[in-house]
Structure formats: structure tokens, C-alpha cells
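A quick write-up on the structure given underneath.
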Amino acid sequence: MDGTGLPETRSTCPYCGVGCGVLLRPDGHGGLDVRGDPAHPANFGRLCSKGAALGETVGLEQRLLTPRVNGQDVGWDTALQQVADRFTQTIAEHGPDGAAFYVSGQLLTEDYYVANKLMKGFIGSANIDTNSRLCMASSVAGHKRAFGSDTVPGTYEDLDEADLVVLVGSNLAWCHPVLYQRLLAARAARGTKIVVIDPRRTASCDGADLHLALQPGSDVALFNRLLVTLHEGGALDKAFIDRTHGFDATLRAAQSDSVAPTGLTEAEIAAFCALWMRTDKVVTIYSQGVNQSTSGSDKVNAILNCHLATGRIGTPGCGPLSVTGQPNAMGGREVGGLANMLACHMDLENADHRAAVRDFWGAPAVPDAPGLKAVDMFRAVADGRIKALWIIHTNPAVSMPEADAVRDAIAACPFTVVSDITAHTDTARLAEVVLPATAWAEKEGTVTNSDRTISRQRRVLPAPGDARDDWDILSEVGRRMGFAKAFDYANAAEILREYATLSGIAGQFGRDFDISGLADLSDGEYADLSPQRWPITPACQGGRFFADGQFFHPDGKARMLPVTWTPPAAKASPRFPFRLNTGRVRDQWHTMTRSGLSPRLSAHLAEPFLDIHPDDAMAHGISAADLVQVSSTTGTAILRARITDAVQRAQVFAPMHWTGETAPAARIDALVAAVCDPVSGQPESKASVVAVARYDAAWYGFAVSRQAMVLDTDYWALARAAQGYRAELASRTHIADWEAEARRMFDAPNAHLSSVIDTKRGVARIAVHADGTLIGALFASPDPVAVVRDYLADLPGTDAPGVLLGRPAADVPTPGPTLCSCFGVGINTILSAIETQGLMSVEAIGAALGAGTNCGSCRPEIAELLQSVRIREAAE
Ligand code: SF4
């Protein structure tokens, strides 16, 4: 209970793989009060900006509340029978491999378990893959090759005890902010050194002792040099190497490799190697920059080779730690949600494992070959091999590489089902059947975070409308397909008990994943389950792996893999001279179906953008705030140019979040080629090649509105604002009648208009009022519009008398673009405080304004702002 007397419920944040504990309390109006759980071992009360804003994202706006078939609301009976009949018919006519499930790291473990059991056990195909394939499949492959199992040896506590933490292809400050703050706290306490290895200068570099801006895809060459240097420096652990196979061949391969492709200087490489060599406690954190590569698995093994060769693994403060992007990516790996894995880390290719799982499930057969991984799965949809597809809580029409082709394939698939919380996604709009699922705060289950900690998600809000839990929907389809006994679950607890029992069988085969200690949980104990790191057996709980030199290959030894550098698949050329890196921004999540509902989060970066180096911008005639057209062989996008030397020359960066719902011309994955790591099947999302050119529009615009706008210009990007919406606009089509355009855009045929229109110069400013309050305002000009956007975004719903000025009166200060989302502190406010109060540190700004004192995610940007002020003052 808290001060209000209402109970708080322990649950888990549904965004990233840090898996922070949250305390939730319904506010009585359909929303939630959210704070960090001080008792959760992942975050000890901290939350990042996304977690802190969760309460703003649980409303029913845009929720799907009723099953739909062909756009018509229907009852569950009709919808589920349709799904069961079409899958049964497809299997009868085309065999089990004519069907496929594409699922998601958003699923809870219990949902995942049922989906996997239905497909691999009863439909009889391994065609179930997950969007985690796009996130960490290369880590899975690397772990399996080295350890004989997909075991993550590192823990979050290791960050507290390490003396050197190396971030490889990980912008931890933005993508796993609570872990990053934990790392900074450790640095403050013990002087932990931090190295960032990333082609971009990201927010994570702000706290780093060394930033190695290597060339994209060259990580293997760097870690091979590290191995050779460790060898030459006598820093290897001979006794631990005896617990491995392959050292000699691995060293020879490393010696044969060149560091030339890294683009780093010898001094930079030497500094990195020296830090590693003189530090016993080293943690290497790696993420999508490693995994999303055609050599992703080799990169992982190059990192693991160094940890194995030095014995820096499995002991406090030591080891590799892959951090996952999604809340339950790890749970999906454990439960067999990938097309090439069986449940509980058992192997599809192992006849004994298959037989054990088949017998346990009472299944007719378990396939003996891997199913289609994500990219191949959608190719099979495109060429007609897959004829019935069920997509659950993911948006592949936006998020898959070659997204336009994937979108077209889904549209042409004979039968597509989508389960989701909203029908407002690019993918759901293509489906024949759309099923309303419960959202994270409405469902019961478990998730596993990046350090193997299993936590509960708990229901604190009622299921709205007809929404049902995913395990329940999948189970009923299973029953209707004739598998009544196998899918007769009463609740999520029963599913976890079954899963835990199966893991005990995996444990008997010597597999790492064993949670059989949960097999006899009562429903009440499941309800009260506290966070626990696996393994969880009667004999062992949360133990460390590998410090004893015992691995999961049949002989108990690890494998060191001889790997050498291979370049990214696509070659830059005069036609496509830029290498495109894609990734996340600080305050948004995936395709923004949840985080995009929060005005606070949308205020940070409200528009899709392309980071481009100043020299490249100048060479291509691109100025700040211009729009640019980015194109590859597979698609095009229009993005706002941000000119910054955070990216190297000939490299550009674009975020992945914008969709057909929010900026249809900016679906960046349409440009990403679907080329994959040959071992893991993970696509290379960070090294496509593209062309960039200035996009010359006939006019540019900015609009704010109380209600959603009707937008159909060549380029538009829509975002939430505190008082409604804001949109950036551009078009190559001239507008003849601006007032008519404004009425159409704001759906206000009879409202009162005030306007300033200069037809000759092509400038228009129009305000639309109804009953004395502003319902919309449109600003257009032949150049990118110069107005004070954050000020305007707050005006809808007020009388807004001076709105056509586009800025506040001279004596009214504006906070400027939001920098601290938690407390809504803008750049202007911080700059003013720096100048008037003489604040000279991030801490002083925090003490004065609160900025950066909650989640801390914006602290690197505050530091950058301070630095820019110092540089400016020094120059004056
Ligand atoms: Fe959620 Fe942020 Fe924690 Fe990730 S770091 S789990 S997004 S609160």
C-alpha cells in the first residue's frame, strides 16, 4: 500500500531486456501510476523514461476490442473457428509446412510455450520464428557454438564488480538505460573503465574512457587483434584453455587477420588491448551492433574467444553479457520460440530430445529439421509455400528488412491472422482475421530478462472489451483443431508448471535450462513468485555458469572458434555511397504502438531523421532541417537531415520506429537488404548501402491539432503532443486553396478560420477555431517552416489568440525542445539556468531543475549541452 491506501502490484516493465521491476497502481480512471520497484534486482527502483511513462500508454484509444474477420466485428466463436478451420484445411492440402507462426519477444513465456507446442508438437512443423531473430539470434548461435548451449553467463551484478566494461555495438545509454546508470554508478564507486566500440559516437560515449569508432562490421578483426596481443603479452589462462578445444587454430586464424578494416589507429587498438591486458575483471556487453550482421555469429565468437582464453568468464565481475532488446527475448529462446530450437534448450536435431518432448506433450510427431527463419519465412509467404500465417504481437510489414516486399507478401498470403492489442498497425491492416489480445498490464505470466532472471507480469487492469490472453487464444485454436487434451489449460500457472516439468527432463539430458524447482508451484505461489535467476532446481538456484570450466558440449569442454573478418554483404558504390546504420532512439519503442501514445516520450524526437556527417551534407547540398530522400535497391524513405559528426563520413544513421501509421514515407526497413548471417539467420540491419539526396518539396509545413489530422501529403510525420497532435509536412504538389486544405486536414468544414496567406511567396498561416478554442493550426512555406514547435504544440484547446505569429510573445520564455522527458525540461530552460545561475555540471543542473535526476537517460545530452556552452564561451 502507498499513501493513497490503494494497493500496488509488483510487475515487470514490458519494454527492453533489462526487465525492470515496476510497482503499479490503477488510478481509478483506466490509467496506472507507475514507479520502479526498489526490491527488484534488475533496477532497485530505477526506471528509464519509457518505463516511467508506462502509465500514459494504457488507455483504450486505438485498442482492438473485438475479433474481426474481413473488417467486420464478429464473436470469438466465429473468429476462432475460422482460424482453426483454415489452418486445418491448409495442413490437409499442403502439409504442416504450409503453415507458420511469426511471434514476438513481447509474448510472455506461457504464451510462447503454448504457441511453440501447437506448432512444433501438433501442427507438426518447426515454422515458428520470432522477431527476436532480428535482435539476438547471432548471440544464440555464438553461445551454442562456444558453450554447447545458449547460456548467458554474465549477470547484472558483474557490472558492479567489473573494473573494465566494454560496450560493443551497444548504445546502452539509450537502449538499456537503467543498466547504463548502474554502470555509471559502479564507475563512480570504483573507477570502472568504460570502452565503447561503435562506428557512431552515441550517448554511451559520454561516459567512456575510450571510444573506438571502428568501421561497420569489422569487430572480428579487432577482437582477433586483442587475442593475439593477449597471447603475446602472456595474459592467457593456460589452465582454462585446457577446458576448451580449438585454441591453436583460433590463434592462427587471429594471427592471420588484419586490423586494417577496422579503420582504427594502432594507438587506439593498443590502448584497448592494454586496458584488457592489465584488467582482471572484464565484462563485455554486446548487442545489436554485433548481432545484426552477416558476420554476427563470428563477432560473438571472436568476443567469447577472448573471454575463454583468459578464463574471464563466470566469475564475479567477469564475462560476456549479451543484452536483449525485448522484454522476453530470453524467455522465447528458452521456450523454443526460434525455428531452429526445441523447448528448454533442447535440440531439434537430437533424436533423444525430440522423443522426450514428443512423449511429454503426447504429440503425434515433432519435426526433425529446423523450420524457416524469419527472412526465409516471409520469402516462403511471398512465393506461396506458406499459405496460412499467424502473426502475434509484432509488425513485420514495417520491421522486417525489405519491408515493402514483406508487406506485399503478407497482403497476398491466402490466410493471415494477427493477434495484437491494436488494429492500427501496418500488419494488422493486411490480415483477414484480427484477434484482440490483452496488453501487458492486463495479463498474467512470466518473462526472462538478459541476465536469466525470471519475473512475473501481473494483471492490474481488467481485459477491455472482448480481449483475451494469448495463451488462451492459442489453446482454444489448438482444441478446435482437435487437440483438446493437450491444450486444456485453466490458467497461466498451469502452463508454467508444465513447462518447468519439461525443463526437468532437459536437465536430465544435461541441458543448462532447468527450472524444475517451479514444477510444483501452487496457483498461490505462482501469484506470489518473486524474481529468480535460473537455473531453479531443488539443488541449485541462480548459480553461475562456467567458472568451473564445465560447458555443455558432450565432452564438457568449450569450443574456441577460428574466425576471420568478413565485410558486410553490400558494397558501397558510386550509386549507393553511404552505409546505413539503423537503430533506436532514447524514448521510443519498436514501431511506437505503445510508446508513441505518450506525449512526453514523443516530445524528445518527434520526427524520423537521418544523421549525416557535415562534410557529406555539404557535398550533397544538404542544409540543417532539409528533408532528404534516402534510397536503396529495395526502397526509399524521406527523412529530416540532422547534420552531425557523431556519424563518420560515408555513413548515415536512421531510427527504425516510424511506420505507415506515423510517417509512411519513412519506413526505414524498406531500405534494408534482407541478407543474413549464414549461421544465425539474423539480417544485417546496420550495413545496407544507400544513396542520399536533398528532397526538394514545393512546400513544407507544420501543423498542430486537437484531434488526429487527415494527412495525405508526400511526406508527413505525426506525433502526440500534450494537447493533441503535431505533424511535419512536405509535398511536391502545389496547394491552390490553403484554407480549403486546412479545413480538410482538420476535418472542420464549418469552423472559423483566421489566416495570413501570401500567395505570391507561397506562405500560409491558418488557425482554425471552434467555440473559441483552437482546434488546429497550419503553417506552410516554400522552405522548412521556422516556428516554435513546442510552443505551438501546447496551444490546441486554448483560445490561442496570437497563434499565427508562430512563436510566443517576446517576453514569454519557452522551454524549447524537450530534453528531460521525465520532468518535461526543455533545452531553453537548461540553457537559461546555465547562463543565469552559473550551473557548471550535470549534477548542478539536476539539483536546480530536476533534469536528469530520475531515469538519467538524458544526462549524456545535458553533458553535451554543457560542453557546447563551454566551447562557445571559450571561443568568445
Ligand atoms: Fe523498461 Fe527502461 Fe527498464 Fe528497459 S531500462 S526495462 S525500458 S524501465
Side-chain angles (χ1 to χ4, degrees), residues 10-24 32-58 104-108 132 135-136 155-156 159 167 170-185 202-204 285 287-288 321-331 439-441 445-458 531 583-598 600-602 604 655-657 820-822 852-860:
R10 294 204 135 80
S11 192
T12 314
C13 173
Y15 286 129
C16 86
V18 178
C20 296
V22 288
L23 293 171
L24 307 177
L32 283 178
D33 292 332
V34 181
R35 68 184 177 105
D37 181 354
H40 197 287
N43 59 316
F44 297 108
R46 272 196 178 278
L47 292 179
C48 76
S49 50
K50 293 186 287 290
L54 275 168
E56 297 172 29
T57 67
V58 295
S104 160
Q106 306 289 312
L107 283 177
L108 304 186
S132 298
C135 167
M136 30 74 339
T155 70
Y156 297 164
L159 294 185
L167 304 179
S170 162
N171 183 8
L172 205 71
W174 275 22
C175 301
H176 302 89
V178 167
L179 263 195
Y180 184 68
Q181 293 304 319
R182 186 169 182 158
L183 173 57
L184 293 189
T202 65
S204 301
I285 293 179
S287 189
Q288 268 71 323
L321 175 62
S322 70
V323 284
T324 57
Q326 295 197 78
N328 201 27
M330 285 281 275
W440 70 277
T446 54
V447 291
T448 309
N449 73 2
S450 294
D451 83 342
R452 292 186 275 116
T453 299
I454 297 173
S455 300
R456 282 293 322 271
Q457 267 192 16
R458 293 185 170 91
R584 293 179 173 168
V585 300
R586 191 189 77 191
D587 286 355
Q588 291 298 346
W589 177 254
H590 280 200
T591 56
M592 299 199 287
T593 49
R594 281 188 307 220
S595 55
L597 300 175
S598 161
R600 259 198 300 168
L601 297 180
S602 300
H604 179 231
M656 65 182 197
H657 306 288
C820 170
S821 300
C822 296
T853 59
N854 184 40
C855 76
S857 309
C858 62
R859 289 170 67 89

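All ligand and atom numbering here is 1-based and tracks the order in the structure.
Taking every heavy atom of G19 and a limit of under 4.0 angstrom, the matching atoms of ligand 1 come to 6 (S). Listed by number with element, the atoms of ligand 1 under 4.0 angstrom from any heavy atom of Y15 are 7 (S). Of all atoms in ligand 1, numbered sequentially from 1 with element shown, those under 4.0 Å from a heavy atom of V178 are 3 (Fe), 5 (S).
Ligand 1 has at least one atom lying under 4.0 Å from a heavy atom of L47.
When the options C48, P177, C16, C20 are ranked by their closest heavy atom to atom 3 (Fe) of ligand 1, first place goes to C20.
Side-chain contact check for L54 versus C13: some heavy-atom pair is nearer than 4.5 Å.
Heavy atoms only, all atoms of each residue included: S450 and L321 are closest at O-CD1, 3.9 Å.
Using cut-offs of 30° and 60° on the angle between ring planes, the pair Y15 and W589 is tilted.
Using modelled atom types, one finds a donor on one side chain and an acceptor on the other under 3.5 Å when comparing H40 with S455. Checked by atom type, the side-chain pair T12/Q457 shows no donor-acceptor distance below 3.5 Å.
Of the protein's non-hydrogen atoms, C13 SG, 2.3 Å is the one closest to atom 1 (Fe) of ligand 1.
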